[in-house]
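Take a look at the structure set out below.
For the numbers below, each heavy atom of this structure counts, side chains included, while hydrogens, waters and symmetry mates do not.
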Amino acid sequence: MTAKIAYAEVEVGTELPAQTFPVTRATLVRYAGASGDFNPIHWNEKFAREVGLPDVIAHGMFTMAQAIRVVTDWAGDPAAVVEYGVRFTKPVVVPNDDEGAVIEVSAKVAAKLDDQRVRVDLTATSAGQKVLGMSRAVVRLA
């Protein structure tokens with residue numbers, strides 16, 4: 001696979017299609033099984049509250065993975081992402097109800113670099129709070 005977006009067709013300020021990602025307690029259980037991260041803050045409400053959290057929280061790496069989907073879906077190839085980093089600023093709190101939480105992600109091209117690459121800045125929020133800071137990806141385009 002290769003990126004489907006042409007470097008020449010992208011300008012600084014280009015907005016990528018925003019996406020929302022629902023997160024329920026069942027989502028966290030499935031992620032824990034796949035990742036091997038069974039930390040009780042991700043599934044045990046009593047434990048999470050005892051350590052000072054408002055409730056069960058989503059795994060940071062899960063949140064990070066959901067956010068980059070905006071970029072990989074836009075580029076058309078996950079391998080087009082050559083760098084990706086974030087700072088975790090707030091947890092995604094996942095209540096034990098039928099709705100859970102939602103991670104809302106938007107992104108835009110912040111810089112055109114050499115070698116057919118662009119820097120994409122992402123914004124990820126949940127419950128009106130920014131959950132990832134300095135969220136940036138470098139993507140090699142076609």
Expected output: side-chain His42 to main-chain Asp37 donor-acceptor under 3.5 Å: no

All side chain to side chain contact (heavy atoms under 4.5 Å, CB included) counterparts of Ser126, not counting sequence neighbours: Val92, Ala101, Val131

Trp74 reachable from Phe21 in the ILVMFWY side-chain graph, under 4.5 Å edges: yes

Summary of side chain to side chain donor-acceptor pair (under 3.5 Å) pairs that have at least one residue in residues 102-113, sequence neighbours excluded: Glu104-Thr125

Separation of Trp43 CH2 from His59 NE2 (nearest 0.5 Å): 11.0 Å

Those residues that, when tested against Tyr84, pass ring pair (Phe, Tyr, Trp, His ring centres under 6.0 Å) (two or more places apart): none

For the student: nearest non-hydrogen atoms of Pro95 and Val93, plus distance: CD-O, 3.4 Å

Gap between atom OG1 of Thr89 and atom CD of Gln129 - 0.5 Å precision: 8.5 Å

Spatial distance of atom CE (Met61) from atom OG (Ser35) [nearest 0.5 Å]: 9.5 Å

CG-CG distance between Asn44 and Leu53, expressed to the nearest 0.5 angstrom: 11.5 Å

Side chain to side chain donor-acceptor pair (under 3.5 Å) pairs, two or more places apart, involving residues 130-142: Asp115-Arg140

Within one Ile-Leu-Val-Met-Phe-Trp-Tyr cluster: Met64 and Ile103, side-chain cutoff 4.5 Å: yes

Non-hydrogen atoms of Val70 and Ala107 that approach each other most closely: CG1-CB, 4.1 Å

Shared hydrophobic cluster, Leu141 / Val120 (ILVMFWY, side-chain heavy atoms < 4.5 Å): yes

Closest non-hydrogen atom pair, Val105 against Ala124: CG2-CB, 4.2 Å

Trace of the side-chain contact (heavy atoms from CB on, under 4.5 Å) decision for Ile41 with Val51: CA-CA 8 Å; Ile41 64 172; Val51 299; 3.9 Å; yes

Spacing of CD belonging to Gln66 relative to OG1 belonging to Thr63, to within rounding of 0.5 Å: 8.0 Å

Spacing of Phe62 atom CZ and Leu28 atom CG [to the nearest 0.5 Å]: 6.5 Å

Shortest non-hydrogen contact between Ala142 and Ala3, atoms and distance: CB-O, 3.3 Å

Co-membership, hydrophobic cluster, residues Phe88 and Val94, 4.5 Å side-chain: yes

Minimum heavy-atom distance Ala110-Asp121, with the two atoms named: CB-OD2, 3.3 Å

Stepwise side-chain contact (heavy atoms from CB on, under 4.5 Å) test for Val118 and Val138: CA-CA 6 Å; Val118 296; Val138 175; over 6 Å; no

Val23 reachable from Leu132 in the ILVMFWY side-chain graph, under 4.5 Å edges: yes

For Val81 against Ala137, the heavy-atom pair lying closest together: CG1-CB, 4.5 Å

Side chain to side chain, Ile68 and Val86, heavy atoms closer than 4.5 Å: no

Pair listing, salt bridge (charged side-chain N to carboxylate O under 4.0 Å, His left out) test, anchored in residues 52-61, at least two apart: Arg25-Asp55, Arg49-Asp55

Pairs meeting criterion side chain to side chain donor-acceptor pair (under 3.5 Å) with involvement of residues 1-20, two or more places apart: Gln19-Asp73

Check: Val56 main-chain N/O paired with Glu45 side-chain donor or acceptor under 3.5 Å: no

